[in-house]
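Everything numeric here is computed off the predicted structure, so don't read it as measured data.
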Amino acid sequence: PLGATTASRKKQKMDGGSPMQISTPNEDPAPRVLQDAIGVNLAVDVDGAPGHLQQGLQQIIGSHNVAYFAQPSSAQAEHVWSVQFEHTEDVASGTFDVRSVTGQVPQITVRYNRTIDAFRALGQVLTAARAAEVAALTNPSALQTPDFTISESAQFETLALMIDCSRNGVLNVNSVRAMLRNMALMGYTMLQLYTEDTYKVEGEPFFGYLRGGYTHDELRAIDDYAFAMGIEVVACIQTLGHLGQMLQWPRYAGLRDTNEVILSRAPETYAFLEKLIKAASAPLRSKRIHIGMDEAYGVGEGRFRGLYGQVEGTAIFVEHLGRVHAICAQLGLRAMIWSDMLFCLAAKNNALYAYYDQSNNPAEALSRVEGIPQDIDLVFWDYYHTQPEIYARKIQQHKDLGCNSPWMAGGAWTWSRLWCHVPFSFESNRASLIAAKSQSGRVASFMLTIWGDEGNECDFFSALPVMLYVANHAHTDKSEIDAVFMENAFAAVCGGSLGDWMAASGVDELPQPNEARAQMPSNMSKWLLWEDPMLSFMSPQYAGLALDEHYAGTASRLLDCALAPNTRYPLNRLLRMPGLLARVLSLKCNLRDRLARPYKAGDRTALLQVAETRLRPLIEAQRELWLYHRARWMRIYKPFGWETLELRYGGLAARLHTMYDRIVAYALCLPCSALRKSRAVGVAAGVSRHPALLPGRSRLPSLTVPFDSAGDVSGPSMSADAGSGLSMGEVPAWLPSITSADSSDDPAAMSMGLGWPVTACTSSLPACTIPACGPLQSHADTSAPAPLPVLTALPATSDTDNVTTINALGVRELGGEGDFWLQPAPLLPPELDPQDSFPRDIGCLGEEDMDTVIDSIPELEEDLLCIYENSYTSLLLDYGRVTAPSRLG
């Protein structure tokens, strides 16, 4: 069972027990034969469905994991199942039943009451289709004559998903729609978009200034889309704490208690909060609203004390809650709040421990003040514990406060990391769901939260396995979820391989003994990525652990999954993000130690070798991670907020370049000022980085050493002895040479293999080679040894405009006309090239042309953007990276 035996080192000594070993589902969840094509299509009778389902069904069938649905304009699978829907009051709210009838075309009938139950049932039919495909491997009739019944009952009246849209990342409307389609097939009844200041308020231009807030029309469009699938959209805002983004502006100085907390008791505060509540709730159908009030630390301790004197914190909180509740009641809204401040204020302790302290019951403190309004719903949030009884006791304390049916909120571990930690999310939510379904801790509403603390570096879609796990747990009275069922459901509903997605958590789940787990942060990949590469203060903590090998293996697996064309698991393309991250960490881990050893030994040759074989590939890998992360961000979020993460990437890149320059300068006994900004000294000095030295899945071509007309290696030579990590190589025969228009008869012409080799020779310049990222380097006078590995000045000539600068990714600058010209060359030898012949005369695509191509193939947007950013010459330079080369062709 998923979550039953998994544990992690996450925070937590709160449980009082020792961490357990992680166990994951089968890492290869299905036989490879299932990788090829979908064996069954669902032909959904949209026109014959009840009217309230038709729009939602069209949204699902046309846009979501479409390979499983019969499409009018595409070929159908070998087997087709017909699906019909029947709305009936005979089925209780929250339940549905599915029955199959065999025939020439098998008929699947779904009987339901609530709209959302019909879509949950459709998700279960998809899962049954996937299970039938697996069964057909040994029993072919499983697809021809499906025989199954499905019946489920929702364990909660409300199953909600809350998505953080306030920590830099604001999901764009298309991304919210994609989330809603997943939610519908899983059975979620409510969506809350957590917006501190990321929604527009009329007459308040500084509220959410430059933060990408949702407009009234965007929220209305989201609400309409959700309503068609039976999902309620509820405003989720803040009315006390977490308002620092707004309060930083002088416009709101008069509303400030502290930097994060709004001023209670002031009349102008409540006039302003009324505007916020109206603006957030007006576009939505729902008459419920989440007004926040969590983590309002320091309430009453700032300007409030100077204006109104010393007042006990619980009294301030309850008074403020009453006034905001009155505004909501006047607008016909039922409010809910996070409950933590009731416990922290009563304990006079702002630490999270006070909230979860089993002995801390705020009932006595609240008895001394006017009680909280009876129709306020309390949301108890706990994302950390793994023992159901801890949740059950705290739920009972909420009931002791007079809240007979509090909400329970669990978390998908997306905050403060770059990829969701799925195993621990399973474990912690398993415990909270068992408690919430038990007799002693029974609640009517459960919420899964997706937070983006510390800049929202994480792709929120990485939480899809956790969303599915929670939804499946919320539709059974059992305490365990079968792993095989989850694998089939994740493949059919979401379009991903669960084993591969569990493996992606390897960026934070490290191979370490139990006694060392408590000494490591739970988000190790984030610490390793952003720590300074020269200082590397984390390295003593993981000394003795082969983290570079661990991350190299993780990167190889994930990038294999992400880059392979795969119609069965289209969602696996998103694994490129953790794959690229793991590749960066495989090069960065232990880098300082690798450099420190030869430095201390005075071995400059070995030091330069490490710089060329580890540090320089790290610079390239970090750049590719940055470019892909940027492309992915622009795909799913609004552009606002990316500047925060780009500053982090920029800082890391600058430090890596400085590190490289200083090490190479030291190794070559040169001042840093003598080095080219191109950071390519080693390559221009005659070093060829063999493809085997590049990271596992790097698509960058190898760099080979130029030869002069006499056949001698150009430039100062370096050792290429066995084991040195360096090699002197010729241009592969299958890479076509590209020559300038006027150099065909010039015996001094030279070439260099750069993936797209270039011969550079003009009538006005001496014979030259073009080193990667370097200047033109003259070899006209071969008798005089070059004093420096790279010349810092061009040869004396009047035609200085005719200079082409090339880096390892393509053409960066092209000056002059006619002297140099480039054509794309394939990156694969003929026997591996998917095309019989490769076009030789493709021009450069402009930005507008690229936008046209991208718009025409939306499912490849991340691939195309990433390739465009990494290629200056042609889109097809790197066509081998895309997930569907035939579509791109």
Side-chain angles (χ1 to χ4, degrees), residues 28-42 59-71 73-77 122-123 125-127 129-130 133-134 174-175 177-186 419-420 422 459-465 467-468 486-504 557-580 628 631-632 635-636 697 854-867 879-889:
D28 193 6
R32 288 297 179 185
V33 68
L34 290 183
Q35 299 277 342
D36 298 333
I38 302 297
V40 60
N41 280 164
L42 303 184
Q59 293 170 179
I60 294 285
I61 295 170
S63 302
H64 193 79
N65 203 8
V66 295
Y68 269 104
F69 294 103
Q71 304 291 333
S73 60
S74 61
Q76 294 182 353
L122 180 58
V125 174
L126 285 169
T127 303
R130 158 73 183 211
E133 289 186 278
V134 176
N174 285 336
S175 295
R177 288 172 173 168
M179 278 290 189
L180 285 167
R181 292 193 297 269
N182 280 289
M183 291 172 61
L185 293 173
M186 296 176 189
W419 195 256
C420 180
V422 175
D459 184 339
F460 281 168
F461 285 87
S462 66
L464 283 173
M467 290 170 54
L468 182 62
M486 269 290 296
E487 289 167 353
N488 290 333
F490 190 66
V493 172
C494 301
S497 166
L498 183 61
D500 294 330
W501 280 63
M502 294 285 282
R557 172 174 180 171
L558 297 181
L559 290 174
D560 278 339
C561 297
L563 299 175
N566 198 330
T567 56
R568 178 168 294 281
Y569 300 122
L571 195 71
N572 272 15
R573 72 184 188 277
L574 300 188
L575 296 177
R576 188 185 300 179
M577 176 69 185
L580 293 175
Y628 179 76
R632 182 64 183 158
R635 174 70 183 271
I636 64 177
R697 296 295 301 182
I854 291 169
D855 290 342
S856 69
I857 318 177
E859 67 271 26
L860 295 182
E861 182 171 349
E862 296 96 336
D863 301 283
L864 300 186
L865 281 174
C866 187
I867 293 168
Y879 68 90
R881 292 172 56 175
V882 301
T883 55
S886 60
R887 286 293 309 275
L888 182 60

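Residues Arg130 and Val134 form a side-chain contact, since some pair of their non-hydrogen atoms from C-beta on lies under 4.5 Å apart. Annotation: side chain of Met186 is in contact with side chain of Leu464 (closest heavy-atom distance under 4.5 Å). In this structure the side chain of Met467 reaches within 4.5 angstrom of the side chain of Met179, judged on heavy atoms. When side chains are defined from C-beta on, Tyr68 does not count as touching Val493, because their heavy atoms never get closer than 4.5 Å.
Arg576 places no side-chain N or O within 3.5 Å of a backbone atom of Arg573 that could act as its donor or acceptor partner.
Residue Arg557 comes nearest to Asp500 through the heavy atom pair NH2-OD1, 2.7 Å, listed as atom of the first residue, atom of the second, then distance. Annotation for Tyr569 and Gly496: closest pair CD2-C, 3.4 Å, computed over non-hydrogen atoms. Between Leu498 and Pro465, the closest heavy-atom pair is CD1-CB, 4.0 Å.
Summarising the geometry, atom CG belonging to Asn488 is positioned 11.5 Å from atom CG belonging to Leu126; distances are rounded to the nearest 0.5 Å. Between Leu558 atom CG and Leu563 atom CG the span is 10.5 Å, to the nearest 0.5 Å. Rounding to the nearest 0.5 angstrom, the gap separating the CG atom in Asp459 from the CG atom in Leu575 is 10.0 Å. Put simply, CG on Leu122 and CD1 on Ile61 are 7.0 Å apart, with the number rounded to the nearest 0.5 Å. Atom CZ of Phe461 sits about 6.0 Å away from atom CZ of Arg632, to the nearest 0.5 Å. Between the CG atom in Leu185 and the CG atom in Leu468 there is a gap of 10.0 Å [rounded to 0.5 Å].
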**Report entry** Residue pair Ser462, Leu574: steps toward the side chain to side chain contact (heavy atoms under 4.5 Å, CB included) verdict
**Finding:** CA-CA 8 Å; Ser462 66; Leu574 300 188; over 6 Å; no
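Using cut-offs of 30° and 60° on the angle between ring planes, the pair Trp501 and Phe490 is perpendicular.
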